[in-house]
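Throughout, residue positions are numbered sequentially from 1 according to the sequence presented.
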Amino acid sequence: MKERSKFSSKIGFVFVAAGSSVGLGNLWRFPYLAAKYGGGSFLVVYLLLAVTFGFTLLVTETAIGRKTGKSCIVAYRDLDKRFAFNGYLTAIIPMLIFPYYTVINGWVLKYFVLFMNNDLASAASDGYFGSFISNAYEPLIWFLVCVLLIAFVILAGVENGIEKISKILMPLLLVLMMVVCGYICTRPGASEGMRYYLVPHFEHFSAKTVLAAMGQLFYSLSLAMGIMITYGSYLKKESHLEDSITQIEIFDTLVAFLSGLMIIPCVFAFSNGDHSALTAGPSLMFITLPKAFAQMGPGRLIGAGFFLLVFFAAITSSIALMEAVASCFMDAFHVSRKKATLLTLAYAVPLGGVISLGYGPLSDVTIAGMQLLDFTDFLSNSILMPIVAIVTCIFVGYVLKPKVIIDEIEQDGHVFKRKKMFSFILRYIAPWLMLAVLLTSIAQAHGWIVL
């Protein structure tokens, strides 16, 4: 049997795993949640959850992957046949997310091209975004460009494709963020946005703040998607897993923090006193921010730089999603990387194509009252991911036992410094937090509560 591919270095794994975590969730969802739930108080809650709950699940999934040397679809079966079903559930998640996430990649790429062509008037005009996504063909074309680009990276393999591109894009992403951030934070009026973002507003703090931070963390760190199990299976045994996970969390949290420091002051400085757009969700990126960039002197460069960094973040996440799916096909059907990539494209292109038309020719097609993209997002992120995480915590915490994960981490004389915290959170905290996220998502979908 062909030996499984491996990352060439620890830093390669960190950049690749950070690339999977750093995505659209960091760059638009984090800022609007921080703005909505008390600025600095949201940041504190998010940070506390990241170093406890987030760390625990990241360690668990990565260790499962490294221990078994397999993707999620086989890893759970190899550890205990009774929990093989969780591997299949996990595999479904990236299969659902990859097509619609790549559709959004196409939207981002389109806006980057707009700013590069100095077409600020179109990007900033009312109704442009709506008319673009409802177009019969254009969103489909941009989707196809992105999906083929991602497939090319996957075909190149772990070391020569995924690792190499991540080593280039992740540092570039950080540099671009700092440049755009530095410019925006020095604009008149931006200091008010910085205070709003960084100073805790405890009058806005509630259980909803914790639930929102929990949901964001879950979404941001690529948990329960099979990605970290897949990447863990490519990690060499001598790598210090705990240190690597800590570095991934630092990188991911830094990008999320910088995105808030970039977007919230930008809205304050260029919204003419109307800050309601901060809680507008996806329209913040594609409607509000282009209007703000159009008012800046170097708006073309800042806008192009912003959408380029968003594209970098989105493309590395899409690469991780496609790799998780392709790896499952390789393990399940014992096929080559090339055939697994083609199998992934065979389902993802038609599904993504249909989803890309969901705001245009297929806008009348809804499921449970949701557009196709929104329903796929709800099913994968709000239902399946919490269920997979709950089952994983129960499996590792009570059936497999935390010692199996601890022993995997403490190979080659490595010390697992946070093993007591890890065991406690895995068994007694994480399952209940995940259950709260699941029930909250269902209640939100039915309109029983509003977050």
Side-chain angles (χ1 to χ4, degrees), residues 21 23-26 29-30 32-33 36-37 42 45-46 48-50 52-61 64 72-73 76 82-98 100-101 206-229 281 321 324 367-400 422 424-451:
S21 300
L24 295 171
N26 295 70
R29 199 168 183 268
F30 184 91
Y32 89 74
L33 286 177
K36 186 175 181 179
Y37 292 106
F42 179 86
V45 172
Y46 182 86
L48 287 173
L49 288 171
T52 53
F53 170 82
F55 171 82
T56 298
L57 281 190
L58 277 176
V59 163
T60 301
E61 293 188 8
I64 286 174
C72 62
I73 205 164
Y76 285 98
R82 294 171 297 174
F83 284 83
F85 74 92
N86 204 44
Y88 289 100
L89 274 181
T90 307
I92 290 170
I93 294 169
M95 291 185 73
L96 288 173
I97 296 176
F98 172 62
Y100 82 76
Y101 198 92
S206 66
K208 291 181 179 180
T209 307
V210 179
L211 286 171
M214 184 74 252
Q216 170 60 21
L217 182 76
F218 196 56
Y219 186 85
S220 174
L221 291 177
S222 299
L223 300 173
M225 299 183 193
I227 291 172
M228 294 309 298
I229 294 177
L321 289 162
I367 304 175
M370 303 180 202
Q371 300 295 125
L372 296 175
L373 190 152
D374 297 326
F375 175 76
T376 313
D377 177 71
F378 172 75
L379 178 62
S380 56
N381 284 277
S382 300
I383 302 299
L384 291 178
M385 283 165 59
I387 289 173
V388 165
I390 291 168
V391 174
T392 299
C393 290
I394 292 171
F395 170 51
V396 178
Y398 295 96
V399 179
L400 193 66
F422 163 78
F424 180 79
I425 291 174
L426 182 70
R427 301 186 74 185
Y428 304 114
I429 304 297
W432 296 106
L433 283 176
M434 283 296 89
L435 182 60
V437 170
L438 176 61
L439 295 177
T440 301
S441 298
I442 294 171
Q444 272 189 281
H446 285 81
W448 298 333
I449 63 170
V450 178
L451 283 185

Distance from [X] atom [atom1] to [Y] atom [atom2], nearest 0.5 Å?
X	Y	atom1	atom2	result
Ser222	Met385	OG	CE	8.0 Å
Asn381	Met225	CG	CE	5.5 Å
Ile425	Thr52	CD1	OG1	4.5 Å
Leu58	Leu217	CG	CG	8.0 Å
Ile387	Ser382	CD1	OG	11.0 Å
Phe375	Phe378	CZ	CZ	8.0 Å

State, yes or no, whether a side-chain contact exists between [X] and [Y] at a heavy-atom distance under 4.5 Å.
X	Y	value
Met214	Thr440	no
Leu379	Leu96	yes
Ile73	Thr90	no
Tyr101	Leu321	yes

* Does CZ in Phe85 sit with more than 12 non-hydrogen atoms of other residues, nucleotides or ligands closer than 6.0 Å? -> yes
* **Passing option when Tyr100 is tested against Asp374, Asp377, Thr376 for side-chain hydrogen bond (donor to acceptor under 3.5 Å, both in side chains)** => Asp377
Taking all atoms of both residues into account, what is the closest heavy-atom pair of [X] and [Y], and its distance?
X	Y	answer
Tyr46	Ala213	CD1-O, 3.9 Å
Ala212	Leu33	O-CD1, 4.0 Å
Leu49	Val210	CD1-O, 4.1 Å
Val437	Pro386	CG1-CG, 4.2 Å
Cys72	Ile229	N-CG2, 3.7 Å

* Asked: Should the ring pair Phe42 and Phe30 be called parallel, tilted or perpendicular, given that the plane angle runs from 0 to 90° and is split at 30 and 60?
  -> perpendicular
* Asked: Can Ile442 and Ile383 be said to form a side chain to side chain contact (heavy atoms under 4.5 Å, CB included), step by step?
  -> CA-CA 8 Å; Ile442 294 171; Ile383 302 299; 3.7 Å; yes
* **Thr392 and Phe83: CA distance, side-chain angles, deciding distance, side chain to side chain contact (heavy atoms under 4.5 Å, CB included) verdict** => CA-CA 9 Å; Thr392 299; Phe83 284 83; over 6 Å; no
* For Met95, enumerate each residue passing the side chain to side chain contact (heavy atoms under 4.5 Å, CB included) test, keeping only those at least two apart in sequence or located in another chain. =>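 For Met95, the residues satisfying side chain to side chain contact (heavy atoms under 4.5 Å, CB included) (neighbours in sequence not counted) are Val325, Phe329, Tyr347.
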* To do: Start with the C-alpha distance between Tyr76 and Leu89, add both sets of side-chain angles, then the distance that settles side chain to side chain contact (heavy atoms under 4.5 Å, CB included), and finish with yes or no.
  => CA-CA 11 Å; Tyr76 285 98; Leu89 274 181; over 6 Å; no
* To do: List the steps and the verdict of side chain to side chain contact (heavy atoms under 4.5 Å, CB included) for Leu57 and Leu221.
  => CA-CA 9 Å; Leu57 281 190; Leu221 291 177; over 6 Å; no
* Under 3.5 Å, is there a donor-acceptor pair between the side chain of Glu61 and the main chain of Ala224? -> yes
* **Set of residues satisfying side-chain hydrogen bond (donor to acceptor under 3.5 Å, both in side chains) with respect to Thr56, sequence neighbours excluded** =>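 None.
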Tell me which donor-acceptor pairs under 3.5 Å the side chains of residues 427-436 have, and how far apart each pair is, sequence neighbours excluded?
| from | atom 1 | to | atom 2 | distance (Å) |
| --- | --- | --- | --- | --- |
| Arg427 | NE | Gly397 | O | 3.0 |

